[in-house]
Number of protein chains: 2
Amino acid sequence: MISEKIVERLSLYRWLLETRLENEVSNLFSYQLASMACVSPAQIRRDLMTIGYSGSPGKGYLVADLAKSIGKELDGAKPSKVAVVGMGNLGRALVSFISDRRSHLQIVATFDTDSTKYGRVICGCRCYAQNELEKIIKLEGITVAILTLPSDAAQAVADRLEKAGVTGILNYAPVPLKVSKKVYLENRDVTAALEKVAYFAREGD
Amino acid sequence: MISEKIVERLSLYRWLLETRLENEVSNLFSYQLASMACVSPAQIRRDLMTIGYSGSPGKGYLVADLAKSIGKELDGAKPSKVAVVGMGNLGRALVSFISDRRSHLQIVATFDTDSTKYGRVICGCRCYAQNELEKIIKLEGITVAILTLPSDAAQAVADRLEKAGVTGILNYAPVPLKVSKKVYLENRDVTAALEKVAYFAREGD
DNA sequence: CAGGCACTGTTATTTTTTTCACAACACCTA
DNA sequence: TAGGTGTTGTGAAAAAAATAACAGTGCCTG
Ligand SMILES: NC(=O)c1ccc[n+]([C@@H]2O[C@H](COP(=O)([O-])OP(=O)(O)OC[C@H]3O[C@@H](n4cnc5c(N)ncnc54)[C@H](O)[C@@H]3O)[C@@H](O)[C@H]2O)c1
Ligand SMILES: NC(=O)c1ccc[n+]([C@@H]2O[C@H](COP(=O)([O-])OP(=O)(O)OC[C@H]3O[C@@H](n4cnc5c(N)ncnc54)[C@H](O)[C@@H]3O)[C@@H](O)[C@H]2O)c1
């Protein structure tokens, strides 16, 4: 089990590696990756140690190979299936953004209460009515959900998702969700992020 | 100077306090706030110590008062002025979401290269053409910028923002920006967040 | 008013995370 | 082959963050 912080950084590293790969770069030194990721070279080496990856002194790391090794650690044996609940502005933006970025993260269903939305394919993904939620989650084996719906509906939906078998929730609604220990919850509150940036912009970091 | 993590939590606390205030709750114990914020009671007390706030044993914390004290620490003397660059799906969603949430964070300008967008008021905020960027930033005294534009334009815009005097950037474009030490940069990559959630959803946290 | 209760503020401790420092190693050059 | 250069992997040290522990305090009860 890798710590939260390291997972986050590994994800970043992989993504940096992939963009480097597109530019035909085949190997990198720790200090190069470090400067891209805005961390120290030692941090890079230590993180790679935790996934048991070895480069070679003088040669550094093989970009493609390292990216694959990170994938072996972060990605499951099978792709994770993802649902998006609430196909408003934010939901649609997310779906169109994510769908063609990572093959091991598949958005396989979206949900909405609005009858002008469900029953159709939106941004390349089928949108279902809210009352089909449990059925589809189980049928598809969805384990991860993204919440982009109004705050007042979020808790009830989270409860239903959990009962249906979802074990990870990425929540964009500005509301403090309560979930059981079984479920991994990550909140993405824009306001908090902006407040933080404003604070350090002012205080001069 | 407060550490990054503490600022993040304080922002969360304040927001929880405010929603409690709406429900007419006038005081709270550390363990109550802790359970809402998903942290330990000791953590709460320690965080409040760093901003020099004192509750009273038996009574706990005065909700309104504490919220104000956090504000005194996090918010500047004057509101921070914010610009949003790139008024696509995500930009519009963010502007409409934020604009009526925090009085000390004012979105005073948005920018776009699309001539069907600039020159108009979008989501309650004036949208300017890209070439007016420096002028407006300086004129308004904007210090914080949110980047919601295509990746390939992000670095160039970031450079211009920095030169114009912006000291904090909240970046949504999936690209590793390089900025000088003067600028506080926060990246919000959806993919990384989702990968993290998927990982811990699988590994069972 | 005395005593018990429940919570805070703060110090001490533990745990986690990051950085440092350096031996070991590959590779290049002559 | 020998020596120099530059990078890795990792144990040790340092720093930061979280947790625990507890004395001190207001408050209630009888
Ligand atoms: N807009 C942003 O940038 C932003 C940022 C952070 C958080 N948020 C939050 O994300 C949420 C969505 O934002 P938005 O701008 O997309 O709003 P929106 O109103 O455009 O979209 C909300 C969607 O959710 C649907 N919905 C309502 N109740 C539902 C339910 N019970 N189950 C399923 N779907 C339901 C609505 O039909 C609508 O399509 C809000 O809670 C908002 O506060 C938004
Ligand atoms: N959509 C998401 O949920 C999401 C999530 C994370 C990151 N992102 C990233 O955020 C960015 C925006 O996403 P979107 O869905 O809003 O895309 P979009 O195409 O709807 O919006 C992009 C906007 O930026 C404008 N633009 C282009 N070049 C510009 C420039 N040089 N200066 C100013 N404006 C410019 C375009 O005119 C357009 O209005 C993209 O980089 C995307 O990868 C999106």
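Just so it is clear, the model here is predicted, and its values are computed rather than measured. In the text below, chain A, chain B and the rest are named by the order of the sequence lines, each starting its count at 1. Every heavy atom of this structure was used, including side-chain atoms; hydrogens, water molecules and symmetry mates were not.
As rounded to whole Å, 13 Å separates atom P of C:dT17 from atom CG of A:Leu10. The interatomic distance linking B:Lys5 (NZ) with C:dT17 (C1') rounds to 8 Å, in whole Å. Going from atom CD of A:Glu4 over to atom P of C:dT18 covers 12 Å, rounded to whole Å. Distance, A:Glu8 CD to C:dT17 P: 12 Å, rounded to whole Å. If you measure from atom CZ of A:Phe29 to atom P of C:dC27, you get 11 Å, rounded to the nearest angstrom. Whole-Å rounding puts the B:Gln43 CD to C:dT11 C1' distance at 16 Å. Counting to the nearest Å, the P atom of C:dT16 and the CD1 atom of A:Ile6 are 12 Å from each other. For the pair A:Arg45 CZ and D:dT7 C1', the interatomic distance rounds to 8 Å; values are reported in whole Å.
An OP1 or OP2 oxygen of C:dG9 is reached within less than 4.0 angstrom by a side-chain nitrogen or oxygen of B:Ser54. The side chain of B:Tyr53 places no N or O atom within less than 4.0 Å of a non-bridging phosphate oxygen (OP1 or OP2) of C:dT10. OP1 or OP2 of D:dT19 sits under 4.0 Å from a side-chain N or O of B:Ser40. Regarding contacts with the backbone of C:dT8, a side-chain N or O of B:Ser30 is found under 4.0 angstrom from either OP1 or OP2.
Nearest to the side chain of B:Pro57, among D:dT7, D:dG9, D:dT25, sits D:dT25.
Each of A:Lys59 and A:Arg9 has a nearest nucleotide on DNA chain C; the 5'-most of these lies closest to A:Arg9.
Between A:Glu186 and A:Arg188, at least one side-chain nitrogen of the basic residue sits less than 4.0 Å from a carboxylate oxygen of the acidic one, meeting the salt-bridge criterion. Of the charged side-chain nitrogens involved, none lies within less than 4.0 Å of a carboxylate oxygen, so that B:Glu134 and B:Lys163 do not count as a salt-bridged pair. Between A:Lys5 and A:Glu8 there is no salt bridge, since no side-chain nitrogen of the basic residue lies less than 4.0 Å from a carboxylate oxygen of the acidic one.
Remark: the backbone N or O of B:Ala67 is not paired with any side-chain donor or acceptor of B:Arg14 at under 3.5 angstrom.
Residue side chain B:Arg46 reaches the base of C:dT11 through a donor-acceptor N/O pair under 3.5 Å, judged by distance alone.
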Working for side-chain hydrogen bond (donor to acceptor under 3.5 Å, both in side chains), residues B:Ser180 and B:Glu162: CA-CA 8 Å; B:Ser180 86; B:Glu162 182 174 346; 2.5 Å; yes
